[in-house]
Amino acid sequence: MKSKTAKVMMALVLCPLVMLFLSLVLPKRYTATMSLMLDPSIRLARPDDPFNVISDVKEGGRGR
């Protein structure tokens, strides 16, 4: 039973170390970009409207 535990612990320690070593040694070829698209025409809920959800559905028409 101890040999299985030792193998699992060795894998848990060695895998991150190997990946760290490879990420430092290999050339950085791949890059990723991300863009955040915000909707400037978003409508806010009015707190004084008790039929807020119904008004939003009636006047809306756009998907979110």
Side-chain angles (χ1 to χ4, degrees):
M1 191 66 160
K2 288 189 178 191
S3 67
K4 287 183 183 180
T5 306
K7 287 179 184 178
V8 170
M9 290 302 290
M10 191 182 319
L12 288 174
V13 171
L14 279 180
C15 284
L17 289 177
V18 168
M19 291 303 144
L20 176 67
F21 175 75
L22 288 176
S23 70
L24 293 174
V25 171
L26 293 176
K28 294 172 179 33
R29 287 191 257 174
Y30 302 106
T31 59
T33 59
M34 182 183 79
S35 63
L36 182 63
M37 296 171 35
L38 299 175
D39 186 6
S41 65
I42 194 157
R43 295 179 312 273
L44 297 176
R46 291 192 340 243
D48 59 343
D49 187 5
F51 304 108
N52 210 354
V53 176
I54 297 171
S55 303
D56 189 30
V57 170
K58 229 174 28 175
E59 298 166 7
R62 290 189 303 123
R64 292 188 182 164

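To the nearest 0.5 angstrom, Met10 atom CE is 11.5 Å from Thr5 atom OG1.
By the criterion of side-chain heavy atoms lying less than 4.5 angstrom apart, applied directly or through intervening Ile, Leu, Val, Met, Phe, Trp or Tyr residues, Leu12 is not grouped with Val18; the two fall into different hydrophobic clusters.
Nearest heavy-atom pair across Ala11 and Pro16 is O-CD, 4.2 Å.
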